[in-house]
Amino acid sequence: MKKLLFFALAASCAMTAGAQSVFTEFTETSSWKGDYAAVDIDNDGDLDVIYSAGENSGLGFTRINNGDGTFTVKVSGQDNLIQMGQSGNIHVGDIDGDGDLDIIFGGWGGNKSGRGIAINDGTGNFTLADSEKYPITTAGTLTSCGFADFNLDGLLDYYFFGNNKFNEIYLQQADGSFKELEGAFPELDFTEPEITIVDYDNNGTPDIFISAWSNDEEQGRFTALFKNDGTGKFTRETNLTVFRQKANGTVSWGDVNGDGYLDFLLSGDGNVKSGEDNNQIYRLYKNVNGNACEVVYADTVARQGSVGNGSYIVDWDNDGKLDLIIEGWSDKRGTQILDLYLGIDPSAFTFSDYQSFGEGVPGVSEGGLRIADLDKDNKVDLLLCGHGNIGNRRITGWVKNVSENASVLPAAPANLNAAVEDNKVTFSWEAPASENGKYGTTYNLSLYNKTTGKWMYNPMANLETGWRKVGGRMGNVFNHTSYTLTLPDGEYEWTVQAINGAYLGGAFAEAKTFTVGEGQGTGVDAVAALGADVLVDGRQLTVRGDASRDMTVAVYAVNGAKVQEQTFTGEAQLTLAAQGAFLVEVRAEGLTPYRTKVIAQ
């Protein structure tokens, strides 16, 4: 085993990496065993915050960013429908393909169900999804949920995992409805499963990594990788027996040594039945070519004491090397901790001794962490909650990153190509040249179906600037520079961006178009060919087109219901009936329809 420097817990060794770091507390409530979503819900160009309080209250809170890292409470308490409670997840995705960012959440609940999919109207207002179209079982307790394209058909799917054989995967159908995939996951009996989605073996399919308390197995704690066969069905990978069995902890991912495979940091309570472990050990595992792993370091650090969200692998100080952030209760130091370990030699998995975030920044246990650039200075900040060592109470707030240098954003990927064979499309690109791009780089695929007007892979980013509308998440195609999907006939537009080790996005490459199937047009934007434009001012919609051609404009609500239609020559003026998001379709005989989304204020 390599001799590494991090996790040395003698207080005399501690240095201060961020002596001037500022902790800002959210004062309307305390939270523990929680999760955050940092996401631009109102499309105004900054990251807002959604989180849920712990215990059994189930209270939810949404804070709107004022643009500078200060926040205004939008909705809180019982009025907030996003209420996961404790020991759960909040994740972000465009589940209905309309361009807005929706939320999936689940946890112990409380005064509300503690689970659901919240559909965004484009202005940051949410409604719970129709349970007939988006089925969710009401039985049991769930602690993990999220979005992924499990069967690689370009449509976003979702999952809910929880207690007592509660392992459900729902695949999106061609009509936008969802159906549970029977037998998708082995019928294992878990309590408080922690799920992460990762392509461990780099074969282009999203796998499931799980740690949980197992009610089936003798050791009690359970850690395993389940590999996807490409259709959304999973089998346990039995070769990776080196995993120490953990539960009530976190697995965090990142390509620490830059070899193209995602490594991971695993924490949690140990094997209480076998006595082989204790609750305070963190282990860093090297991913060995996608078919094995090895422990490169293990030490007694702290007990997390909650399901998920207790650590991060991230380039905190913006030097191009990945760092570690860890929270929990330390027996050795007799207090809650929040520690930073700075990357020194990535190839040898070497980190510094623990660093303090600075005076006034609390240590926490039973907590939740989320990385996000809240004040738009290209330095990621840290959202945290948990039981703090300041005032011996529960704390919710964020730590400003005061690193000397801002993050270096990646250049755009080069040489984009979409190879079409029947309905299979293989996207490929070259990684951007960068000294800092070797460690932690992932990629965001943007894929838009021009025929249906729906997003297949919404990059959750501004296509012009590369700015990401979500914080602390790797790219949607992991660290691949090639990805294959099976797509329906139609015209598509696509591009890709690189995401660095701080989870910040670089520029998108120039967009490309391609066609799947025959008779789907030339890939030329129909409105551009007509010289037409779609504008909205308040609630006044203006469509200008070719004065020599009859055209039709139709306006749809985000649920697909048509609300207006008008045939015109030259220009059309329509008044939208209400505020919110609308889909606009412009048609002309013999040309591919053009579809876009507008926001009425």
Side-chain angles (χ1 to χ4, degrees), residues 6-11 13-14 17-18 21 23 30-36 51 54-55 86-89 143 192 194 196 211-213 221 223 244-253 264-272 277-285 297-314 316 323-342 351-358 361-371 382-399 472:
F6 74 95
F7 294 164
L9 294 178
C13 295
S21 293
F23 174 67
S30 61
S31 180
W32 71 318
K33 297 191 177 184
D35 193 13
Y36 286 96
Y51 64 99
E55 298 182 279
Q86 71 184 51
S87 300
N89 284 160
T143 56
E192 292 193 324
E194 163 67 3
T196 55
S211 64
W213 176 278
R221 308 305 189 188
T223 303
R244 289 302 183 100
Q245 303 302 300
K246 290 283 190 177
N248 206 29
T250 297
V251 58
S252 299
W253 297 89
F264 60 100
L265 180 68
L266 179 64
S267 66
D269 290 353
N271 298 345
V272 294
D277 208 345
N278 70 45
N279 299 335
Q280 302 229 340
I281 293 181
Y282 274 76
R283 290 182 176 88
L284 183 65
Y285 290 83
Y297 198 76
D299 202 357
T300 302
V301 182
R303 184 189 183 206
Q304 180 181 318
S306 62
V307 179
N309 318 313
S311 66
Y312 249 102
I313 301 178
V314 60
W316 176 262
D323 313 309
L324 309 178
I325 297 176
I326 293 171
E327 59 88 3
W329 169 267
S330 169
D331 282 346
K332 287 187 176 181
R333 287 149 64 184
T335 187
Q336 292 87 358
I337 66 166
L338 180 66
D339 286 348
L340 170 65
Y341 302 87
L342 298 176
F351 296 78
S352 71
D353 294 342
Y354 72 85
Q355 316 286 297
S356 167
F357 281 88
V361 177
V364 292
S365 63
E366 305 154 283
L369 308 177
R370 179 66 57 200
I371 289 290
L382 180 65
L383 287 155
L384 64 86
C385 67
H387 194 91
N389 62 358
I390 296 179
N392 190 29
R393 59 186 174 85
R394 290 163 189 167
I395 290 172
T396 307
W398 67 283
V399 180

> Distance-only, no hydrogens or angles: does the Q304 side chain make a donor-acceptor pair with backbone N or O of A302 under 3.5 Å?
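Such a contact is absent between Q304 side chain and A302 backbone.
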> Roughly how far, to the nearest 0.5 Å, is CG of N309 from CG of L383?
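With rounding to 0.5 Å, CG (L383) is 11.5 Å from CG (N309).
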> Looking at CG of L284 and CZ of F264, how far apart are the two atoms once the value is rounded to the nearest 0.5 Å?
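One gets 8.5 Å once the value is rounded to the nearest 0.5 Å.
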> Tell me if a side-chain donor or acceptor on N278 pairs with a main-chain N or O of Q280 at a distance below 3.5 Å.
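Confirmed, N278 side chain pairs with Q280 backbone.
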> Could you measure the distance from the SG atom of C385 to the CD atom of E366? Nearest 0.5 Å is fine.
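C385 SG to E366 CD: 10.5 Å, rounded to 0.5 Å.
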> Using only atom types and a distance under 3.5 Å, with no angle test, would you say the side chain of K246 pairs donor to acceptor with the backbone of I281?
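Yes; judged by distance alone, with no hydrogens or angles, the pair exists.
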> Taking C-beta and beyond as the side chain, do W329 and D331 meet within less than 4.5 Å on heavy atoms?
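Yes. Closest side-chain heavy atoms under 4.5 Å.
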> Any side-chain heavy atom of T223 within less than 4.5 Å of one from V251?
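No - every pair of side-chain heavy atoms lies 4.5 Å or more apart.
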> Is N389 reaching over with its side chain to a backbone N or O of G363, donor-acceptor style, under 3.5 angstrom?
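Side chain of N389 to backbone of G363: a pair is present.
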> Within a strict 4.5 Å, meaning less than it, do heavy atoms of the R283 and D299 side chains meet?
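No, too far: nothing below the 4.5 Å cut-off.
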> Compare every heavy atom of N392 with every heavy atom of H387, then report the nearest pair and how far apart it is.
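Smallest heavy-atom distance, with atoms named: NE2-OD1, 2.9 Å.
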> Quick check: does any side chain N or O of S87 sit under 3.5 Å from a backbone N or O of T143, one acting as donor and the other as acceptor?
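Answer holds: no.
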> What are the two closest non-hydrogen atoms of I325 and L338, and how far apart are they?
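Heavy atoms only, the tightest pair is CG2-CD1, 4.1 Å.
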> Atom CZ in F351, atom CG in L324: separation rounded to 0.5 Å?
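Nearest 0.5 Å value for the CZ-CG distance: 4.0 Å.
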> Quick check: closest heavy atoms across Y312 and L369, and the distance to 0.1 Å?
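What the structure gives for the nearest pair is CE1-O, 3.7 Å.
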> Looking only at side chains, do T250 and S311 share a donor and an acceptor under 3.5 Å apart?
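On atom types as modelled, these side chains do not qualify, holding no pair under 3.5 Å.
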> To the nearest 0.5 Å, what is the distance between CD1 on I390 and OG1 on T335?
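Going from the CD1 atom of I390 to the OG1 atom of T335 covers 9.5 Å.
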> Does G367 offer a backbone N or O that forms a donor-acceptor pair with the side chain of S306 under 3.5 Å?
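Such a contact is found between S306 side chain and G367 backbone.
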> Please report the C-alpha distance between L340 and F357 in whole Å, then the side-chain angles of each, then the deciding distance to 0.1 Å, and finally whether the side chain to side chain contact (heavy atoms under 4.5 Å, CB included) criterion is met.
CA-CA 7 Å; L340 170 65; F357 281 88; 3.7 Å; yes
> May I ask you to test the W213-R221 pair for a side-chain heavy-atom distance under 4.5 Å?
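SC-SC contact between W213 and R221 confirmed.
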> For E194 and N89, work out which heavy atoms get closest and say how close.
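Minimum heavy-atom separation between E194 and N89: OE1-ND2, 4.3 Å.
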> Looking at every heavy atom in both S365 and E327, which two are closest together, and how far apart are they?
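Looking at all heavy atoms of both residues, the closest pair is CA-OE1, 3.3 Å.
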> Are the side chain of E192 and the backbone of V307 linked by a donor-acceptor contact shorter than 3.5 Å?
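Answer holds: no.
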> If only atom types and distance count, is the side chain of N279 paired as donor or acceptor with the main-chain N or O of G270 below 3.5 Å?
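Yes, the answer is positive, given that a donor and an acceptor are paired below the 3.5 Å cut-off.
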> Restricting to non-hydrogen atoms, name the atom on P362 and the atom on I395 that form the minimum distance, rounded to 0.1 Å.
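What the structure gives for the nearest pair is CB-CD1, 3.8 Å.
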> Pair V301, Y341 - check side chain to side chain contact (heavy atoms under 4.5 Å, CB included), show working.
CA-CA 12 Å; V301 182; Y341 302 87; 3.8 Å; yes
> So among W398, W316, F23, which one has a side-chain contact (heavy atoms from CB on, under 4.5 Å) with L382?
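Only one of W398, W316, F23 forms a side-chain contact (heavy atoms from CB on, under 4.5 Å) with L382, namely W316.
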> Could you walk me through whether D339 and R333 pass the side chain to side chain contact (heavy atoms under 4.5 Å, CB included) check?
CA-CA 12 Å; D339 286 348; R333 287 149 64 184; 2.7 Å; yes
> Classify the angle between the aromatic ring planes of Y36 and Y51 as parallel (below 30°), tilted (30 to 60°) or perpendicular (above 60°).
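Rings of Y36 and Y51: tilted, as their planes differ by 30° to 60°.
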